[in-house]
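I have placed the structure first, in the form of structure tokens, so that the comments after it can refer back to it.
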Amino acid sequence: MSKNKKIALVFGGFVTAVAAAFYPIFFYPLMHNTEYREVQKMNRAGVNQADVQPVGVKVWSDPFKPAGK
């Protein structure tokens, strides 16, 4: 195998590994946002955000809500 093909395979493997790592972190939640909203409703039930938020930091907002709505 030539040197260029080996370099291309190593680089392609790295890109594939990064893409595989990003899928469960970024893309799966974006595609299943209603499921994540329900889970977060259960996780945050009974929590007063203002009590747990550090002073001067913006109170949490829904990351799945489109901007401007």
Side-chain angles (χ1 to χ4, degrees):
M1 190 180 289
S2 72
K3 185 176 180 180
N4 289 340
K5 284 186 180 181
K6 287 181 184 178
I7 291 172
L9 283 174
V10 168
F11 183 72
F14 177 74
V15 169
T16 302
V18 169
F22 261 95
Y23 177 77
I25 297 168
F26 185 74
F27 294 109
Y28 185 84
L30 280 178
M31 292 186 295
H32 299 91
N33 61 9
T34 54
E35 177 185 335
Y36 274 77
R37 283 183 185 173
E38 294 302 317
V39 169
Q40 290 305 316
K41 281 182 187 176
M42 289 187 298
N43 288 345
R44 291 189 170 97
V47 175
N48 185 358
Q49 294 175 355
D51 291 342
V52 296
Q53 196 75 13
V55 176
V57 178
K58 181 183 165 196
V59 175
W60 179 88
S61 61
D62 187 359
F64 298 105
K65 184 176 180 182
K69 289 188 177 182

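As the structure is a computational prediction, the values presented were derived from the model and not from experiment.
Note that NZ of Lys41 is 12.5 Å distant from CG of Asn43, once rounded to the nearest 0.5 Å. In this structure, the separation between CZ on Phe11 and OG1 on Thr16 is 10.0 Å, given to the nearest 0.5 Å.
Classified by interplanar angle (parallel below 30°, tilted 30° to 60°, perpendicular above 60°), the ring pair Tyr23/Phe27 is parallel.
Under the 4.5 Å side-chain heavy-atom criterion for ILVMFWY residues, no single connected hydrophobic cluster contains both Val10 and Val18. Tracing side-chain contacts under 4.5 Å through hydrophobic residues (I, L, V, M, F, W, Y), one reaches Tyr36 starting from Phe26; they form part of the same cluster. Hydrophobic cluster membership is shared by Tyr28 and Leu30, with clusters built from Ile, Leu, Val, Met, Phe, Trp and Tyr side chains linked at under 4.5 angstrom.
The two atoms that bring Pro24 and Pro29 nearest to each other are O-CD, 3.6 Å, heavy atoms only.
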